[in-house]
Number of protein chains: 2
Amino acid sequence: MEGRLVLENPPLEEALEALRLRRSREDTVLIVGECSVKYDGRASSTLEPGDRIVLIKSDGSLQVHRPFELSPVNWQPSGSVLRVRVQDGLLFVRAYNPRGRESLEVVFSKLVLLAVLGLRDTGSFFLHASEEDMRSAILRQPSILEEGFKPIAVERQVEPGFVDILGLDGKGILTVVEVKRNDASRDAVLQLKRYVDSLRMETGKEVRGIIAAPGLARGAQSMLTSLGLEFKALSPQRCGEIIKRGKERKMTDFLR
Amino acid sequence: MEGRLVLENPPLEEALEALRLRRSREDTVLIVGECSVKYDGRASSTLEPGDRIVLIKSDGSLQVHRPFELSPVNWQPSGSVLRVRVQDGLLFVRAYNPRGRESLEVVFSKLVLLAVLGLRDTGSFFLHASEEDMRSAILRQPSILEEGFKPIAVERQVEPGFVDILGLDGKGILTVVEVKRNDASRDAVLQLKRYVDSLRMETGKEVRGIIAAPGLARGAQSMLTSLGLEFKALSPQRCGEIIKRGKERKMTDFLR
DNA sequence: ATTTACATTTCGGGG
DNA sequence: CCCCGAAGTGTAAAT
């Protein structure tokens with residue numbers, strides 16, 4: 001943390017000065033108080049007066065949070081241009097997004113807290129066990145899908161789109177694998193069906209279709225069986241572990 | 001605003017006490033300081049140390065904001081259970097989501113600001129020119145879609161789902177209208193195709209399919225034509241005006 | 001409670 | 001830069 005300015009119950013003029021003096025947009029700003037909000041752009045919206053928290057970041061993004069709900073009630077993406085002014089005993093905070101020509105205006109009638117914060121954040125963020133991780137796990141250890149399975153292609157294009165994994169099962173039968181990180185929906189089943197049909201047409205041979213996912217939506221279950229497709233339970237956690245083990249193995253490989 | 005407690009650079013123990021004393025989750029909490037974050041649930045993630053803002057709301061939601069990017073880097077939805085403790089000179093804030101059995105842990109090594117705020121927000125939020133508004137506009141003034149168009153049903157269920165608007169064109173041909181507030185994707189085209197096919201099967205007659213949206217994605221354009229479907233440009237703004245005019249007309253009707 | 005479709009979706013990757 | 005699809009999507013409505 002490099003610097004900070006925290007004002008409780010500041011007069012509007014004082015708040016205005018603090019906002020204007022913040023080091024050219026590098027600081028993060030928190031404003032808490034009673035305000036109303038108007039937005040106009042792709043859609044338009046109005047928010048009647050109430051107590052909210054406004055968060056303005058160094059990238060020019062702005063968001064208005066009510067005391068409930070995860071998502072902001074109003075926002076403006078990064079790259080917005082901020083303008084503040086005091087008029088008629090009100091503090092106007094306006095964020096204009098040049099791309100999209102969208103505008104957001106927050107009007108404060110009362111301020112509870114104003115913080116101008118020099119935050120320093122260089123830490124890396126790692127997200128594990130994505131759908132891509134699941135594909136990697138199957139490629140690294142095909143037996144988690146089925147004993148004897150051999151991948152032969154990833155992201156292979158067939159007519160309707162890209163197949164996640166294409167391979168041969170233990171008997172040498174062409175097998176399409178559709179990987180989903182969440183429970184597979186009926187849409188996923190239909191997608192797999194299209195791939196299987198397309199490959200049957202293309203090869204003139206038998207083709208198996210397997211959905212690899214943590215689970216199935218109920219409608220998906222019946223649709224799957226009626227279409228002659230299959231399901232293999234596969235949790236992102238398990239895949240994450242395989243990936244991790246794979247990385248460890250890689251490291252020991254270096255040590256050998 | 002009913003009450004507030006703002007602490008600058010509080011010792012961890014003092015912060016812990018303030019967090020525990022907040023009126024049974026009704027208050028909104030802001031914590032600013034150096035922290036690291038771990039998440040485990042549908043996926044898992046790690047965030048290395050840095051300065052962040054943590055926002056905890058009265059509904060049990062929690063979000064961790066970096067000084068850049070609109071979206072929180074980590075979060076927990078409403079209904080999460082909060083637990084705080086101090087250990088080994090660190091402040092642990094843990095949010096557990098019973099649904100989904102997901103956990104999020106924020107570990108602060110240094111606190112810059114702690115605010116416990118009694119925010120009162122009962123103001124209503126109005127969003128204009130939504131997709132529903134566009135549907136209403138077509139119903140109110142069907143000619144904006146096509147001269148002679150007559151709506152006969154909204155949200156009519158056919159096999160694959162719910163048709164936005166079902167009607168008859170100037171020649172009495174059954175017409176399915178799929179309304180999109182944004183440029184229609186290929187998914188939207190496929191959805192419309194399913195509706196049209198289903199109604200052709202059902203009625204055994206010719207059926208038209210029209211996408212009403214501000215525009216089309218390019219892939220959607222070619223797919224649309226190859227499937228024999230149609231497109232009608234329709235902006236949310238225009239629809240918004242029609243709705244507004246409709247309301248005005250209603251008011252003048254009262255005056256007559 | 002579960003499913004479905006929408007969102008000012010946001011975000012990231014590929015062409 | 002646009003297009004496209006996934007997201008720890010969130011959210012509200014309908015079943």
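Since this is a predicted model, take the numbers as computed values, not measurements. Every chain is numbered from 1 and lettered A, B, ... according to where its sequence line falls, protein lines coming before strand lines. Heavy-atom basis, side chains included; hydrogens, waters and symmetry copies ignored.
Distance check, rounded to the nearest 0.5 Å: SG of B:C239 to CD of B:Q141 gives 9.5 Å. Note that the NE2 atom of A:H65 and the CG atom of A:N74 stand 11.0 Å from one another [nearest 0.5 Å].
Side-chain contact between B:V207 and B:L174 is present, with heavy atoms from C-beta onward closer than 4.5 Å. Side-chain contact check for B:T46 versus A:H128: some heavy-atom pair is nearer than 4.5 Å. Residues A:R83 and A:F92 fail the side-chain proximity criterion, which asks for heavy atoms closer than 4.5 Å. Residues B:L55 and A:I53 have side chains in contact (heavy-atom distance under 4.5 Å, counting atoms from C-beta outward). Using a 4.5 Å heavy-atom threshold, the side chains of A:L30 and B:V32 count as touching. For the pair B:R52/B:L47, a side-chain contact is recorded, criterion being any heavy-atom separation below 4.5 Å from C-beta on.
Counting non-hydrogen atoms under 4.0 angstrom, B:P77 reaches a base of the nucleic acid.
D:dA13 atom P lies 12 Å from atom CZ of B:R135, rounded to whole Å. The interatomic distance linking B:R99 (CZ) with D:dG10 (P) rounds to 10 Å, in whole Å. Per the geometry, CE belonging to B:M134 stands 12 Å off P belonging to C:dC6, to the nearest Å. Rounding to whole angstrom units, NE2 of residue A:H65 and C1' of D:dT11 are separated by 15 Å. In this structure, A:L70 places its CG atom 15 Å from C1' of D:dA12, rounding to the nearest Å. One can place CZ of B:F68 at 14 Å from C1' of C:dC11, the figure rounded to the nearest angstrom. As rounded to whole Å, 6 Å separates atom P of D:dG5 from atom CG of B:D187. Atom P of nucleotide D:dT9 and atom CG of A:D183 are separated by 10 Å, given to the nearest angstrom.
For B:E102, taking side-chain heavy atoms from C-beta onward, the closest of the listed nucleotides C:dA5, D:dG10, D:dG8 is D:dG8. The side chain of B:R181 lies closest to C:dA7, out of C:dA7, D:dT11, D:dA6. The side chain of A:L127 lies closest to D:dG8, out of C:dT10, D:dG8, D:dA6.
Taking only side-chain nitrogens and oxygens, B:W75 never comes nearer than 4.0 Å to OP1 or OP2 of D:dT9. B:S71 has no side-chain polar atom (N or O) that falls below the 4.0 Å cut-off from OP1 or OP2 of D:dT9. For B:N182, no side-chain nitrogen or oxygen approaches OP1 or OP2 of C:dT8 to under 4.0 Å.
Pair assignment for C:dT8: none, as no Watson-Crick or G-U wobble contacts are both less than 3.5 Å.
A gap of 14 Å separates the C1' atoms of C:dC6 and C:dT10, to the nearest Å. Separation of the P atoms belonging to D:dG8 and C:dA5 is 22 Å when rounded to the nearest angstrom.
A donor-acceptor contact under 3.5 Å links the side chain of B:N74 to the base of D:dG8.
Against DNA chain C, the stretch residues 39-48 of chain A makes heavy-atom approaches under 4.0 Å through A:Y39, A:R42, A:A43.
Closest approach of A:L216 and A:A184 over heavy atoms only: CD2-CB, 3.7 Å.
Taking 4.0 Å as the cut-off between side-chain N and carboxylate O, B:E102 and B:R42 count as a salt-bridged pair. With respect to A:E178 and A:K180, a salt bridge is recorded, a charged nitrogen being found less than 4.0 Å from a carboxylate O.
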For nucleotides 12-15 of chain C, print each protein N/O atom paired with a nucleotide N/O atom at under 3.5 Å, atom names and distance only.
none

Identify each atom pair where a protein N or O and an N or O of nucleotides 1-4 of chain C are less than 3.5 Å apart, giving names and distance.
{"from": "C:dT4", "atom 1": "OP1", "to": "A:R186", "atom 2": "NE", "distance (Å)": "3.3"}
{"from": "C:dT4", "atom 1": "OP1", "to": "A:R186", "atom 2": "NH2", "distance (Å)": "2.5"}

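The residue among A:F125 and B:S78 whose nearest nucleotide of DNA chain D lies closer to the 5′ end is A:F125. Each of B:Q191 and A:V73 was matched to the nucleotide of DNA chain C holding its nearest heavy atom; the match closer to the 5' end belongs to B:Q191.
Between the side chain of B:K57 and the backbone N or O of A:E69 there is at least one donor-acceptor pair closer than 3.5 Å.
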Would A:D187 and A:S185 count as a side chain to side chain donor-acceptor pair (under 3.5 Å) if you check the C-alpha gap in whole Å, the side-chain angles of each, and the deciding distance to 0.1 Å? CA-CA 5 Å; A:D187 274 356; A:S185 66; 5.0 Å; no
